Colleague: 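Below you will find the structure I want to go over with you.
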Amino acid sequence: MSILVVGSIALDTIQTPTGKRVDALGGSATYFSYAASFFSKVRMVGVVGSDFPKEHVRMLEKRGIDIQGLEIVDGKTFRWSGSYDGDLNKATTHRTDLNVFGAFKPKIPASYKATPYVFLANIDPDLQRDVLRQVRRPKLVIADTMNLWIDIKRDSLVQLLRDVDIMIMNDAEIAQLTGEHNIIRAARKVLSYGPSYIVVKKGSHGAVLIGKSEFFSAPAYPLAELHDPTGAGDTFAGGFVGYLASVKKADRLTLRRAVIYGSVVASYNVEDFSLERLKKTKKADIIKRLKEIKKMVSW
Ligand code: AMP
């Protein structure tokens, strides 16, 4: 089944302990779409400026991502610049130049309105809510956010959560949103706002899936070398939602499997900058790591 994603499309300038890239393809919708398209059809809604390299548009099209919802407008593409310190779990933002993204009002094409799976990638929660007003009741709504929106748009985010089935956040964000540092208490609070499940990402420490009567802990695939964690969260979400949409189910076991798929796709993404590693990844590589994780956690 198809997935509709609305999010950022960016040119990222990134410094990590092992290298640097200037104006590399990034953005929450980009990473998500590429990752989800290992499993399902993706329809992308976002905006870029007239300076956005055509080769990126061609790459997305070649990948089979539906870009009918990609607006190309006069002006400069959104740019984000950040760096990572030693443990690579936390990004430091240096610059956020919204450019054409600053005036972005998602317009969901008529042909996208009945898409069964909707992923609201990290954008202003006011816009995320506006997307939900434009679509017909989807089968599943999954959303992501970031510290900025918890800081400046908390009420809107809490409103959004009423209409979200599965919320994906990292451990710092869930603590910031709920004021709880205990992950169980924090997750219960988020569930009380509306979602049936929350997935808490913990960087290199894996992810947990928490529901009213569900707790599942998944490891991150162990990597001795990683080069750029940018997009780890979005590619995790891409693997997670992409898999769910491909099997058309959302029972407990399926959700658990989806978490592992998310972890595996993210593990490939962080092995290189931008989409460089994912472009070389095949479905068979994903299955291989999935099996390795299965062995790692059984006793
Ligand atoms: P993550 O998966 O959390 O590492 O997301 C990384 C991506 O988020 C980068 O490619 C950035 O372009 C994008 N990003 C950074 N800041 C924002 C923002 N304020 N709104 C939307 N996307 C952003």
Side-chain angles (χ1 to χ4, degrees), residues 5-16 21-36 44-49 52 56 60 76-85 87-104 106 119-128 131 142-153 156-157 167-174 176 199-204 207 220 226-241 262-263 265-278:
V5 55
V6 184
S8 61
I9 299 156
L11 295 174
D12 290 340
T13 294
I14 295 156
Q15 174 85 61
T16 79
R21 291 289 186 284
V22 176
D23 281 351
L25 177 61
S28 54
T30 313
Y31 277 113
F32 175 89
S33 299
Y34 201 94
M44 190 190 209
V45 171
V47 68
V48 293
F52 189 68
H56 297 331
L60 295 169
K76 285 180 115 186
T77 300
F78 171 52
R79 277 170 174 75
W80 176 74
S81 139
S83 66
Y84 299 85
D85 52 21
D87 80 351
L88 292 171
N89 271 329
K90 194 179 171 298
T92 304
T93 294
H94 297 291
R95 281 184 74 116
T96 302
D97 296 312
L98 292 176
N99 301 327
V100 296
F101 191 50
F104 179 49
F119 180 67
L120 303 168
N122 166 33
I123 50 169
D124 182 334
D126 289 344
L127 300 184
Q128 292 176 311
V131 170
I142 305 100
D144 186 11
T145 190
M146 73 182 291
N147 54 358
L148 171 72
W149 309 120
I150 303 171
D151 259 347
I152 66 172
K153 292 265 173 104
S156 180
L157 183 60
M167 188 64 193
I168 303 181
M169 296 173 95
N170 69 33
D171 41 7
E173 290 158 359
I174 188 178
Q176 188 191 351
V199 179
V200 185
K201 299 168 290 179
K202 301 191 295 171
S204 56
L226 55 150
H227 292 287
D228 176 18
T230 310
D234 305 310
T235 50
F236 172 91
F240 178 78
V241 182
S263 294
V265 178
S267 76
Y268 281 110
N269 178 59
V270 300
E271 288 187 314
D272 208 338
F273 285 82
S274 187
L275 293 173
E276 286 163 33
R277 181 68 178 92
L278 279 191

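Whatever order the structure lists them in is the order used to number ligands and atoms, beginning at 1. Keep in mind that what you see is a predicted model, and the values were worked out from it rather than measured.
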Colleague: Please state which protein non-hydrogen atom is closest to atom 12 (O) of ligand 1 and give its distance, to 0.1 Å?
Modeller: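 Going atom by atom, the protein heavy atom closest to atom 12 (O) of ligand 1 ends up being D12 OD1, 2.7 Å.
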Colleague: Side chain or backbone, does G233 bring an N or O within less than 3.5 Å of an N or O on ligand 1?
Modeller: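 N/O-N/O distance below 3.5 Å exists for this pair.
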Colleague: Quick check for you: to the nearest 0.5 Å, what is the distance between F32 atom CZ and I142 atom CD1?
Modeller: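 It is 7.0 Å, given to the nearest 0.5 Å.
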Colleague: Tell me: protein heavy atom nearest atom 18 (C) of ligand 1, and distance?
Modeller: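 Its nearest protein heavy-atom neighbour is M146 SD, 3.7 Å.
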Colleague: Apply side-chain contact (heavy atoms from CB on, under 4.5 Å) to D23 and list each qualifying residue two or more places apart in sequence or on a separate chain.
Modeller: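 Here the qualifying residues are L11, T13, R79.
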Colleague: What are the atoms of ligand 1, with element, lying closer than 4.0 Å to any heavy atom of G26?
Modeller: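 Checking each atom against G26, I get 10 (O).
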Colleague: Rounded at 0.5 Å granularity, tell me how far CG in D144 sits from CD in Q128.
Modeller: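 It is 8.0 Å, given to the nearest 0.5 Å.
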Colleague: Considering distance alone, does some N or O of G27 sit under 3.5 Å from an N or O of ligand 1?
Modeller: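 Right, the criterion is met.
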Colleague: List the closest protein heavy-atom neighbour of atom 22 (N) of ligand 1: residue, atom name, distance to the nearest 0.1 Å.
Modeller: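 Answer for atom 22 (N) of ligand 1: S8 OG, 2.8 Å.
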Colleague: State the atoms of ligand 1, each with its element, that fall below the 4.0 Å cut-off from a heavy-atom position in T230.
Modeller: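 Listed by number with element: 4 (O), 6 (C), 9 (C), 10 (O).
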Colleague: Report yes if some heavy atom in the side chain of T93 is under 4.5 Å from a heavy atom in the side chain of W80; otherwise report no.
Modeller: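 A side-chain contact exists here, since the closest heavy-atom pair is under 4.5 Å.
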Colleague: Between CG of D234 and CD1 of I168, what distance do you get to the nearest 0.5 Å?
Modeller: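 Going from CG on D234 over to CD1 on I168, the span is 9.5 Å.
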Colleague: Please list the nearest protein heavy atom to atom 17 (C) of ligand 1 with its residue and the distance rounded to 0.1 Å.
Modeller: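 Checked against all protein heavy atoms, atom 17 (C) of ligand 1 sits closest to F78 CZ, 3.7 Å.
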Colleague: Students should be able to answer this: which protein heavy-atom is nearest to atom 21 (C) of ligand 1, and at what distance?
Modeller: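 Looking only at protein heavy atoms, the one closest to atom 21 (C) of ligand 1 is N122 O, 3.2 Å.
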Colleague: Judging by distance only, is a nitrogen or oxygen of G231 under 3.5 angstrom from one on ligand 1?
Modeller: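 Between G231 and ligand 1 (N or O atoms, distance only) the closest approach is under 3.5 Å.
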Colleague: Between D228 and N269, is there a donor-acceptor pair closer than 3.5 Å when you use the side chain of the first and the backbone of the second?
Modeller: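 No: the side chain of D228 does not pair with the backbone of N269.
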Colleague: Please work out, at 4.0 Å between heavy atoms, whether the side chain, the backbone, both, or neither of A232 comes within that distance of ligand 1.
Modeller: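 It is the backbone that gets close, since no side chain atom is under 4.0 Å.
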Colleague: Enter the distance from T235:OG1 to L278:CG here, rounded to the nearest 0.5 Å.
Modeller: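 T235 OG1 to L278 CG: 6.0 Å, rounded to 0.5 Å.
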Colleague: Of W80, F104, F32, which has the heavy atom at the shortest distance from atom 15 (C) of ligand 1?
Modeller: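 Residue with the shortest heavy-atom distance to the ligand atom: W80.
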Colleague: I need the atoms of ligand 1 closer than 4.0 Å to a non-hydrogen atom of A10, numbered in the order shown.
Modeller: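 It comes down to these atoms of ligand 1: 12 (O).
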Colleague: Under the salt bridge (Lys or Arg N to Asp or Glu O under 4.0 Å) rule, collect the residues that match up with E276, sequence neighbours excluded.
Modeller: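 Testing E276 for salt bridge (Lys or Arg N to Asp or Glu O under 4.0 Å), a comparison that skips the adjacent residues, returns R21.
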Colleague: Under a plain distance cut-off of 3.5 Å, with no hydrogens placed, do S28 and S8 share a side-chain donor-acceptor pair?
Modeller: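 S8 vs S28: donor-acceptor pair found between side chains.
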Colleague: Starting from atom 5 (O) of ligand 1, which protein heavy atom do you reach first, and at what distance in Å?
Modeller: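 For atom 5 (O) of ligand 1, the nearest protein heavy atom comes out as D234 OD2, 2.9 Å.
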